[in-house]
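Here is the naming used below: chain letters follow the sequence lines, and residue numbers restart at 1 for every chain.
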There are 2 protein chains.
Amino acid sequence: MKITAKGEYGVRAMTTLALEYRAGPIPLREIARREGISHRFLEQIFLPLRRAGLITSVRGAKGGYVLAKAPDEIKIGDIVRTLEGPIAPVECVAEGNEESCKRSPACLTRGIWERLRDTVSEVLDDITLADVITN
Amino acid sequence: MKITAKGEYGVRAMTTLALEYRAGPIPLREIARREGISHRFLEQIFLPLRRAGLITSVRGAKGGYVLAKAPDEIKIGDIVRTLEGPIAPVECVAEGNEESCKRSPACLTRGIWERLRDTVSEVLDDITLADVITN
DNA sequence: AGAAAACCGAGTGAATTAATCGGGATTTAA
DNA sequence: TTAAATCCCGATTAATTCACTCGGTTTTCT
């Protein structure tokens, strides 16, 4: 039950952007430096976050990244799903996956993973960046 | 946020044992066949489960495995922890890990992972094998 | 023009995962 | 007493994923 470095770094970086919300674009290198993350790796993380509409980029000199929405409108679940795909303790109960595995409906254990998936989703969707920065 | 095949297979196999509780020892091959799992792989899974005191083995012909306790005394959390180690969405908040990472207590995101860890723990410890087999 | 920054896909080494393998020990039944 | 069934256990391997790295392009500011 681990989230990957992408997810963890993504949440950390987004938290940094939330702290600097309204301070103008922050360069990726600056965020990487503060958080002790390779900026090359962070680049890979910001690309999908931008495509998902969670951050906005400003190109060129004096450019950088800004949250696309207010911190209280960005849920941790949004970040995690963008970087790690649908929340699913096991593949066969992935969010948004309508079809079930061949073992279903006989599968007695399916209910465990569905309940776990839903609980994890609820927790991550209940926390916004605003919550995180207000400690 | 995935659990591994070991954890998934382990829970499935333990559920099978729960269904056959009081039916005498069930051979591992039989469980593997029913669940469509390689019996060689399942062997690897049963070893730690036995060492953790969740199942009991009977050696020799007519041998097999039995739950060491009644189904309502075995929590899914017990199985998952045995096979996958302490529950922890990120390493620095692993269950039973008293020391924090060097970023703490400044780390704003730590609370997210602690809350997630506790929630996952609660869900998995709230479900017993008895719950699973009574659908 | 030059510097600073975002953009983008491809590649890579290490680690982890998911098995497979080979053989040994123990018990039961014929 | 021998054969068959079964658990026991460590070693090895194949596949996959992870955590980065790299080389280069485009955009914008000064």
Output one letter per nucleotide in nucleotides 22-29 of chain C: B when a protein non-hydrogen atom lies under 4.0 Å from the base, S when only the sugar-phosphate is that close, - when neither is. BBBBBBS-
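- Between the CZ atom of A:R50 and the P atom of C:dA6 there is a distance of 11 Å, rounded to whole Å.
- For DNA chain D, the span of nucleotides reached by chain A at under 4.0 Å from its heavy atoms goes, 5' to 3', from D:dC18 to D:dC29.
- Using a 4.0 Å cut-off, no side-chain N or O of B:T4 falls inside it from OP1 or OP2 of C:dT16.
- Residue-level contact check: B:Y65 touches the backbone only, with heavy atoms under 4.0 Å from sugar-phosphate atoms and none from bases.
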Residue pair B:W113, A:I3: steps toward the side chain to side chain contact (heavy atoms under 4.5 Å, CB included) verdict: CA-CA 10 Å; B:W113 312 127; A:I3 68 152; 3.3 Å; yes
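- Between the CZ atom of A:F41 and the C1' atom of C:dA14 there is a distance of 14 Å, rounded to whole Å.
- Screening B:L54, B:T56, B:L129 against B:L67 for a side-chain contact (heavy atoms from CB on, under 4.5 Å) leaves a single residue, B:L129.
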Derivation and outcome, side-chain hydrogen bond (donor to acceptor under 3.5 Å, both in side chains), residues A:E95 and A:S121: CA-CA 9 Å; A:E95 285 180 319; A:S121 252; 2.4 Å; yes
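- Follow the hydrophobic side-chain contacts under 4.5 Å out from B:V58 and you never reach B:Y65; the two are in separate clusters.
- Ion pairing of B:E20 with B:R34 is present here, as a side-chain N (NZ or NE/NH1/NH2) and a carboxylate O approach within less than 4.0 Å.
- Donor-acceptor pairing under 3.5 Å is recorded for the side chains of B:E35 and B:T16.
- Residues B:R81 and B:P86 are not in side-chain contact: their nearest non-hydrogen atoms beyond the backbone lie 4.5 Å or more apart.
- Taking atom CZ on A:R29 and atom P on C:dA5, their separation rounds to 8 Å, with Å as the unit.
- In this structure, the CD1 atom of B:I45 is 9 Å from the P atom of C:dA18, given to the nearest Å.
- Residue B:V11 is tested with B:V132, B:I45, B:I76 for a side-chain contact (heavy atoms from CB on, under 4.5 Å); the sole match is B:I76.
- Between B:K6 atom NZ and C:dA19 atom C1' the separation is 10 Å, expressed in whole Å.
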Check the pair B:E122, B:D126 against side chain to side chain contact (heavy atoms under 4.5 Å, CB included), reporting the backbone distance first and the verdict last. CA-CA 6 Å; B:E122 273 166 36; B:D126 187 51; 6.0 Å; no
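- Computed from coordinates, the A:F46 CZ to C:dC8 C1' distance equals 16 Å when rounded to whole Å.
- One interatomic measurement links the two molecules: CD of A:Q44 to P of C:dG11, which rounds to 14 Å at whole-angstrom precision.
- Following rounding to the nearest Å, B:I37 (CD1) and C:dT20 (P) show an atom-to-atom distance of 12 Å.
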